[in-house]
Protein chains: 2
Amino acid sequence: MSVRAERKDAAEHRKLILRTAESLFDLHGVRGVSMHQIARTAGIGQGTLYRKYAHKGDLCLDIIQDYTQAFVEEVGRYLAKNREKPAEDRLGWVLDMWIDAMEKKSELIMTIQAHHCAESEESRAASFFQSSLYLFMRGRISELLAEIAESRPGPNADPVLTAHALICAMAPVGHFHIKRELGYTKEQMKNHYRRMCYLPVSNANV
Amino acid sequence: MSVRAERKDAAEHRKLILRTAESLFDLHGVRGVSMHQIARTAGIGQGTLYRKYAHKGDLCLDIIQDYTQAFVEEVGRYLAKNREKPAEDRLGWVLDMWIDAMEKKSELIMTIQAHHCAESEESRAASFFQSSLYLFMRGRISELLAEIAESRPGPNADPVLTAHALICAMAPVGHFHIKRELGYTKEQMKNHYRRMCYLPVSNANV
DNA sequence: CAAGCAAACGGACAATTGTCCGTTTTCATT
DNA sequence: AATGAAAACGGACAATTGTCCGTTTGCTTG
């Protein structure tokens, strides 16, 4: 075949790196662990680590992958089972889910986004905006926004742009800053995000 | 007096650093210049530089200060002179201004925000969210949002949170990414942001 | 199974960031 | 003007990131 599969030892290294990094992150926090430390602990060379992951953000992107997949499946299932509900309700539910997921994985996501800011364009390294988490969320949110817009007269904003803007607004850095400054709880934040989008406030949320 | 003024030599160093950094940034771009290089070029020690600015983002925050002040004054003047116009129009104008300013100073702003992501809490270093640029914009936008909300029935979102979310959504990283992906011009972006907020589209914008 | 080649390795090296501390300078007080 | 304490200095040092290249290893071909 023209494209050779990943070499067996390389694949094992990849898994080893992921497991090592994950446990080190659990122990000392993402910021408390250096790339050098990960390589040393895994018993591999610095070059080997950097060949697979251009920087810590890249590595975090891979670590979060399992979680992302579960998230994507859960949201997908919900949307499939609730087609008849008003699009507003579905969107509200999806946004709530995002907040929960984002708060749970905030350290990883912030690390992913940090490198994104620092590097700017030209860079083969994967960015948050190419991650399946972002693309999936943007896809679902924009679909729901478009559905909501159908029933409204007048000129409507580009749903993709609006979905993108929502995700940016709900990214960890900004989210935690304003949450602390205004002294809101997570549930209050969810409600405020909902109102911001002219969505009904969930009964589940206080 | 209990609080001693900044020592004369220190004040001169500060100005020297700012001028040196600014011209180096103009020459090689913000990312193309290292803190070490700035110190060397200015003819001062590394320690001196870092005592004044904890990192490059901190330095950028000071460099942008002059521009910020002019921006704040222009927006302030406009708002003072146009109290009678509909709040929607005023908000649209302010958002347009932001896009222009942000695109012009995007490299500085991205650098400021990059360190913000990387460090997270506890850090005496100034952050974008404490900058006068952010605080001023959030103040004006939230006021206008509140004014608009007055004429609308039903539950309204917290204007401060919405203003904050808008600024986050229009930050350089996200802005440039989606602008390129959708192939929009700057003026098209302005219009889409306006529509996103249910604002009238400016005549000036195509 | 031998051979050879491309892929992967790893650790040394370079560059950048960030800290520390002994020394120097300023400025208020005398 | 002399003095002494606080502030500022600067460059060496430590840590982290990121790169490079000679060597090794696995996979395919004959």
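Atom set for the values below is all heavy atoms of this structure, side chains included, hydrogens, waters and symmetry mates excluded. Sequence lines set the chain letters: A, B, ... in the order given, protein chains first and strands last, and positions in each chain run from 1.
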query: Within the structure shown, what part of the strands sits under 4.0 Å from A/Leu49 by heavy-atom distance: base, sugar-phosphate, or nothing?
result: nothing

message: Regarding B/His175 and B/Tyr193, do their side chains bring together a donor and an acceptor under 3.5 Å, going by distance alone?
response: yes

- request: Return the nearest nucleotide to the side chain of B/Lys8; candidates are C/dC27, D/dC9, C/dG18.
  value: C/dC27

SB check B/Asp62 B/Lys52 (cutoff 4.0 Å): no

message: We want to know whether B/Ser132 and B/Gln65 form a side-chain donor-acceptor pair, criterion being a heavy-atom distance below 3.5 angstrom.
response: yes

message: Exactly one of B/Arg140, B/Arg83, B/Arg90 should register a salt bridge (Lys or Arg N to Asp or Glu O under 4.0 Å) with B/Glu147. Which one does?
response: B/Arg90

Nucleotide nearest A/Ile44 (side chain, heavy atoms from C-beta), chosen from D/dA6, C/dC9, C/dG10: C/dG10

field: Minimum-distance nucleotide (side-chain atoms of B/Lys52 versus D/dC9, C/dG18, D/dG18)
entry: D/dC9

task: Choose from D/dG18, C/dG10, D/dG26 the nucleotide whose nearest atom is closest to any side-chain atom of A/Asp9.
output: D/dG26

Nearest-neighbour nucleotide for the A/Arg7 side chain, C/dT26, C/dA8, C/dC9 considered: C/dA8

message: Looking at A/Lys56, I'd like to know whether one of its side-chain N or O atoms comes within less than 4.0 Å of OP1 or OP2 on D/dT16.
response: no

- prompt: What nucleic acid atoms does A/Thr48 come within less than 4.0 Å of, heavy atoms only: base, sugar-phosphate, or nothing?
  reply: base

field: Whichever of A/Gly47 and A/Met35 has its nearest DNA chain D nucleotide further upstream toward 5'
entry: A/Met35

Short side-chain N/O contact to C/dC9 OP1/OP2 from A/Arg51, under 4.0 Å: yes

